[in-house]
Amino acid sequence: MKRAPALIWFRDDLRLSDNPALHAAAEGGGPIAALYVLDEDSPGIRPLGGAARWWLAGSLRSLSAHLGQHGVRLLLRRGPAARIVPQLAAELGAERVLFNDRSGAAEGRVDDEITEHLRREGLRVERFCGHLLHAPGTVLTGAGRLPRTFAAFHRACLASPPPGPPLPAPGHLAAAPTDLASEPLESWGLEPERPDWAGGLRLAWRPGEYAAQTRLAGFIEEGLAGYEQGRDFPARPNVSRLSPHLRFGEISPRQMLTAVTYAGDAAPGSDALKFTAELYWREFSHHVLAAMPDMALRNIQSAFDAFPWRECPGELKAWQRGLTGYPIVDAGMRELWQTGWMHNRVRMVVASFLAKHLLIDWRAGEAWFWDTLVDADPASNPANWQWVAGTGLDAAPYFRIFNPVLQGEKFDPRGDYVRRFVPELAGLPAALIHKPWTADAATLRHAGIRLGTTYPLPVVDHAAARERALRALKSTKI
Ligand code: FAD
């Protein structure tokens, strides 16, 4: 007797290996159909930003090719998932629908609605946790609540049953008949055309599962040794740059955790431990999002609701374009614009600069990152913005204000990072590159710099901005 197909619905899990939903579908042995839905219509679902849309196009192309090697066609449909998924399941005559859960509340509501609907129709719906090491709601204090600090959360994770070993990619997939309608990827307009601003992204990245695994292997070989110290220096090759791959689920945190933990002689244990702790920061952000779904919109610490943020579009624009006059801030913002990514240390510096030096609401920065980061993540982006702004859970206190000159001198001591992304300052010696306004006229002339013309003067004075931020904090009695 011909078996009814299983429908696997891909979402933030665009990979074949360690994909619990796909693994379960393949183990059933029956025919499989694969679906991706571009859902920009369901209430509460945040549409992807420009850079993430570019990444998604490459990732879907890669997944489609990968599935194609097994004879399985990836069906693409656009519209509200609550309509599309049941419709396709019916067209296919599917008996099972399988997918991996996401952490957002709006996504959860859509998934619950679809689950209920399909079950009423007599289909089996199977849901898995493939995007995180521990499912939200399973890491709790003794009192049954989400731990409020990262340290407590991390401890609770380590005391929980460990995530099992990653699942292999299925050796064989039986394809369901694939004459069903699928939309051409190009019709979704995910990639920019006029203007085509994605040239820098194409140079910097290759989306897809294969590229993710290659990057992980390269990082273990060349970047992991020295990660604990080197991860703070943006010009050093000590970070993995796996975040966009992880964002779209081209690699799983379990694969990364396992590979790094068993890297053996590749690096001292402290480097591996530091790296896995960062994976738990990601985990913490997702668990917070599941508990506080409007984290991108509201201060987690509501005392900040009365904070006197400034409205100043000109300064916001200077920050977005990398024209603040503070070289480390400008280098970071230009790295973001050119490559769709920014080093973590510099993300902290630029975010602090926006929220504290310019007193601009962190939500404006979060929105800019959302649109320009290839790894823009619904949990990690707002959680980190709130952490830096001091409004979040277990956040850096607002009164801790980074000095952008000292941060540059400490973490980019030779100025290599600034020279790369702010080439108009490249002729300055290392001692002056993070504070060009202190250079004398002859040095500036020699370096070909006219301050205020070829490179801006600082948009605010650090000491005055710091005092202003502290006054604002006091006035809100936080
Ligand atoms: P590695 O150092 O190699 O770390 C490995 C992985 O651990 C990362 O890929 C990431 O998944 C996770 N990780 C590392 N640091 C953090 C962190 N602080 N919080 C959560 N997870 C972390 N990360 C995103 O993935 N998406 C975002 O939208 C995002 N927005 C951010 C906004 C701000 C203001 C700040 C300060 C940080 C943000 N981060 C975000 C966290 C961090 O900057 C990036 O995850 C990291 O720079 C990615 O580079 P990597 O893969 O080389 O990291």
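Counting convention: from 1, in listed order, for ligands and their atoms alike. Worth saying up front: this structure is predicted, and the values here are computed from it rather than measured.
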Counting N and O atoms only, with roles assigned by atom type, does the side chain of W370 sit under 3.5 Å from a partner on the main chain of P47, one being a donor and the other an acceptor?
-> yes
What residue and atom, counting heavy atoms only, is the protein's closest point to [atom], and at what distance?
{"atom": "atom 16 (C) of ligand 1", "value": "E278 OE1, 3.8 Å"}
{"atom": "atom 26 (N) of ligand 1", "value": "D375 O, 2.9 Å"}
{"atom": "atom 6 (C) of ligand 1", "value": "L279 CD2, 4.0 Å"}
{"atom": "atom 40 (C) of ligand 1", "value": "R347 NH1, 3.2 Å"}
{"atom": "atom 19 (N) of ligand 1", "value": "N384 ND2, 3.0 Å"}

Between [options], flag the one that comes closest to [atom] by a heavy atom.
{"atom": "atom 42 (C) of ligand 1", "options": "N238, N344, L354", "value": "N344"}
{"atom": "atom 48 (C) of ligand 1", "options": "S380, S352, S243", "value": "S243"}
{"atom": "atom 28 (O) of ligand 1", "options": "T276, V349, V388, D377", "value": "D377"}
{"atom": "atom 5 (C) of ligand 1", "options": "F275, W341, W370, F150", "value": "F275"}

Would you mind telling me if ligand 1 is within reach of the side chain of F284, the backbone, both or neither, using heavy atoms under 4.0 Å?
-> neither
Given that the side chain starts at C-beta and the backbone is N, CA, C, O, which of these parts of L373 lies under 4.0 Å from ligand 1, counting heavy atoms, or is it both or neither?
-> side chain
Using a strict 4.0 Å cut-off to heavy atoms of [X], name the atoms of ligand 1 that fall inside it.
{"X": "M348", "value": "36 (C)"}
{"X": "L246", "value": "11 (O)"}
{"X": "Y227", "value": "1 (P), 2 (O), 4 (O)"}
{"X": "A376", "value": "28 (O)"}
{"X": "R241", "value": "50 (P), 51 (O), 52 (O)"}

Cationic N near anionic O, under 4.0 Å, R254 to D18 = yes
Do R127 and D112 meet the salt-bridge criterion of a basic N to acidic O distance under 4.0 Å?
-> yes
Other residues, nucleotides, ligands: >12 heavy atoms within 6.0 Å of E40 CD | yes
For R46, look at atom CZ and say whether over 12 heavy atoms of other residues, nucleotides or ligands are found less than 6.0 Å away.
-> yes
First locate atom SG of C157, then atom CG of L279, and finally report the distance between them rounded to the nearest 0.5 Å.
-> 11.0 Å
With respect to [X], determine whether any N or O atom, backbone or side chain, lies less than 3.5 Å from an N or O atom of ligand 1.
{"X": "W385", "answer": "no"}
{"X": "A351", "answer": "no"}
{"X": "S240", "answer": "yes"}
{"X": "N381", "answer": "yes"}

If the plane angle is over 60° it's perpendicular, under 30° parallel, otherwise tilted; pick one for [X] and [Y].
{"X": "F304", "Y": "F307", "result": "tilted"}
{"X": "W368", "Y": "W337", "result": "parallel"}
{"X": "H286", "Y": "H131", "result": "perpendicular"}
{"X": "F150", "Y": "W281", "result": "parallel"}

Atom of A296, atom of R363 and distance for their closest heavy-atom approach = O-CG, 3.7 Å
Can you tell which of Q407, R345, H343 makes a side chain to side chain donor-acceptor pair (under 3.5 Å) with D232?
-> R345
